[in-house]
Structure formats: C-alpha cells, structure tokens
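Note that the structure is predicted; figures quoted are calculated from it, not measured. We use all heavy atoms of the structure for the numbers below, so side chains are in, but hydrogens, waters and symmetry mates are not.
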Amino acid sequence: MTFTKTIAAGMTAALMASGAYAQDIAVIVGSAQDGFWNMVKKGVDDATLMVEANGGTVNFMQTQNYDNFGPDLAALIEQAVAQGAEGIAIPNWLPEAETPALKAARDAGVVIMSFNAGQEHMGEYDALNYFGSDEYIAGVEGGKYLASKGAKKILCHIQNPGAVNLETRCKGVEDGAKEAGAATYILRVPANLDQDMVGTSEAIKSELIADPSIDAVITLAAWASDAAASAIEQQGATGKIQLGTFDMSAAVLERIAAGTQTFAIDQQPYLQGFLSTSMLFANLKFGTAIATKPVLTGPAIVDASNVAAAVEGVKLGAR
C-alpha cells in the first residue's frame, strides 16, 4: 500500500511538472493594427507573469484587421477551444457572430470572461464577470460635457458600424447631449476606414464643410481623434470646434494640455487586460471569484484640470 501510494504521488508530481494540470487560457482581442490593444496587452502581459508562476499559460490572439471582424472572432474562439483552452477572455462586440461561438465554448466546459464590450450579453453564455466601462454612461457623460462647454451640434464618429460598444457610445452621447440641450449627428463610415487616418479625416472634414452648424466632434478611439483634429485644423477651426474622444494617447493628452482638444474619456484598458486575465486564471486555478458584477474600469473624464496625472501612465504604455 505504501509502495502504491508512493508511485501514485510520483506520477502526480510528474503530471503537474509536465503541465497536464496547467490552466491554459486564451485572451482574444481586436485588430493587430489597432494601437488600443497594446495597452490591453500590457495588462495581459503583466498578469501572465502571475499565471506562468502558477503553472498556467496565456495565448494572446488578435484578428489581423476589422474587414471580416465577426467571422474572424468566431474563428478565433473555435481555435482557442480546439487548442484546449480552459478559459477565454474576450470582448463581445458583434453578438450575432460571437455569442453562438461563446455558447458552444461554454457548453464544452470553457469558462468565459467578458471585458471591454458585451456587458449586456454576458448572461447568455454564463460569463464569469465583466471588466470594462459602461459604454452608455460614458457616452451620456461625454455628450453632457460637450454641451456644458457650449456645444449645440455634436458629430459622433463611428469607425466600425454595428459594433455594439461603439453604437452604444454614440447613443449615450446623443441622449446626454439632448438632455443638456444639444443635438447629435452620428457619422457611420465604412469599416475599411478603421485605422485609416487620411480617409477618416476626409470623411469628417466633408461633414464639417456640409454642415457649418457642427461645433463639436467626438470620436470613439484615440487614433480617430487625431484624424478629427486634422480635419478641424484644415477647416481653420482649431479651438472653435470642440474635440473629444474615447480613449487616450500621448497625442491626445498633448492636445488637451495645449488647449486644442477639450477632453478624453478613459476606460483604463490596462486594467481590463490585467483583471480579465488574472481573475479568469485565479478562478480556474483556485476557484476564486469577485462578488461584484460587473467591475467598471470607467468612464473617467480627462481634461485640462487633470491631464498631467494621466501623462506618466501613457508614457509607460498603460493608459
């Protein structure tokens, strides 16, 4: 009996050393061409140090672009399951494509963690939790903020029409602006213009030329804010047309500090990557879970009053 127990103990130790009991997770995000995911990846990378120290692995997976976004995401979910992932952390931007794949993964025993987008759909596949901003509330606050600064007609630019988080943001902007006495025009451009600075700038400039009553622009990504700033500058309207954006970058903060951009809405992507990865692994490894659902990482308004505090985080790649 003692001999048998010794052999069993030795086999167990060998299996653990070989990784047979390792908790392997996949983190699936958007386009490799989209700089936003670099901040998320920093959070994922930092969490991976803890995961690997406890015998697990993290597979960071991205789509190449946004041209075939929904099917590409579904394919990555299926790939992660086929590769033996025990957990998947993923935003749900396009429920028609993603939700069936996530349900199939959950039915196969994979634990799902939601982050960044899809809070309202997490119950459909029993997601463990959600880490991210409440997109509607963020939009409402953005619309109210611009109106409080005197905006009467706000252009809200959507770079990937149909994406739930983006549509929800602009709906929030519209409702917040209306409550504060301003109007909103939603500009939906073809998805192939996502990350296209020149094309996006031209599209926004065309709207500004066509409708001189537009006195504020809000974009849904930091890079798009750069494109909007260029369009406004080409119109000779810098400082006259307000500019706001979701998310931040060094360029965005420089404009806020210089007074040529009004504000940015921070959702803290570093925390989204770090918390979704570490908490998913901790659940698989230790059976732990956060009682609060969802866990909101935003929104927070960054403007001239507090821009200095955000600069260092951007320099370190975490904001």
When you measure from the side chain of Asp134 to the backbone of Ile137, do you find a donor-acceptor pair of N or O atoms at a distance under 3.5 Å? yes
Closer than 3.5 angstrom, by distance alone: can the side chain of Glu167 be matched with the main-chain N or O of Gly162 as a donor-acceptor pair? yes
Tell me, do Asn306 and Asp303 make a side-chain contact under 4.5 Å, heavy atoms counted? yes
Any side-chain to backbone donor/acceptor pair from Thr219 onto Ser225? Under 3.5 Å, distance only. yes
Describe, in one word, how the ring planes of Tyr66 and Phe69 are oriented to each other, choosing from parallel (under 30°), tilted (30 to 60°) and perpendicular (over 60°). perpendicular
Does the side chain of Gln195 come under 3.5 Å of the side chain of Ser31 through a donor N or O and an acceptor N or O? no
Glu120 versus Asn92, side-chain donor and acceptor atoms under 3.5 Å: no
Would you find a donor on one side and an acceptor on the other, under 3.5 Å apart, between the side chain of Glu98 and the backbone of Leu94? yes
Lys293 NZ: over 12 foreign heavy atoms closer than 6.0 Å: yes
Atom CG in Asp266, atom CE in Met248: separation rounded to 0.5 Å? 3.5 Å
Check the angle between the aromatic planes of Phe281 and Phe286 and answer parallel, tilted or perpendicular using the 30° and 60° thresholds. perpendicular
In the structure I gave you, are the side-chain heavy atoms of Met279 and Phe131 within less than 4.5 Å of one another anywhere? yes
Interatomic distance, CD1@Ile218 vs CG@Leu146, rounded to 0.5 Å, equals 5.5 Å
Looking at Gly199, is its backbone amide N or carbonyl O close enough to the side chain of Asp196 to form a donor-acceptor pair, meaning the two atoms are under 3.5 Å apart? yes
Polar side chain donor-acceptor pair, Gln242 to Asp215, under 3.5 angstrom: no
Using the rule that two of Ile, Leu, Val, Met, Phe, Trp, Tyr join whenever any of their side-chain heavy atoms come within less than 4.5 Å, decide whether Val189 and Ile158 are in one cluster. no
Under 3.5 Å donor-acceptor, Asn65 side chain and Gln33 backbone: no
Using atom types as modelled and distance alone, determine if a side-chain donor or acceptor of Tyr136 lies under 3.5 Å from a backbone N or O of Cys170. no
What is the distance from atom CG of Asp194 to atom CD of Gln159, rounded to the nearest 0.5 Å? 5.0 Å
So, the side chain of Thr297 versus the backbone of Gln267: is there a donor-acceptor pair under 3.5 Å, distance only? yes
For a 4.5 angstrom cut-off between non-hydrogen side-chain atoms, does Thr200 reach Ser230? no
Near Glu233 CD, under 6.0 Å, is it more than 12 heavy atoms from other residues, nucleotides or ligands? no
May I ask you to decide whether Asp175 forms a salt bridge with Lys171, counting only side-chain N to carboxylate O separations under 4.0 Å? yes
Less than 4.5 Å apart, any side-chain heavy atom of Thr245 and any of Gln261? yes
How long is the straight-line distance from OG1 of Thr57 back to CD of Gln23, given to the nearest 0.5 Å? 9.5 Å
Lys285 side, atom NZ; Asn54 side, atom CG - distance, nearest 0.5 Å: 6.0 Å
Beyond-backbone contact of Gln64 with Asp72, side-chain heavy atoms, under 4.5 angstrom: no
Between Glu202 and Ser206, is any side-chain donor less than 3.5 angstrom from a side-chain acceptor? no
Quick check for you: to the nearest 0.5 Å, what is the distance between Asn129 atom CG and Asn283 atom CG? 10.0 Å
Thr48 side chain to Val44 backbone, donor-acceptor under 3.5 Å: yes
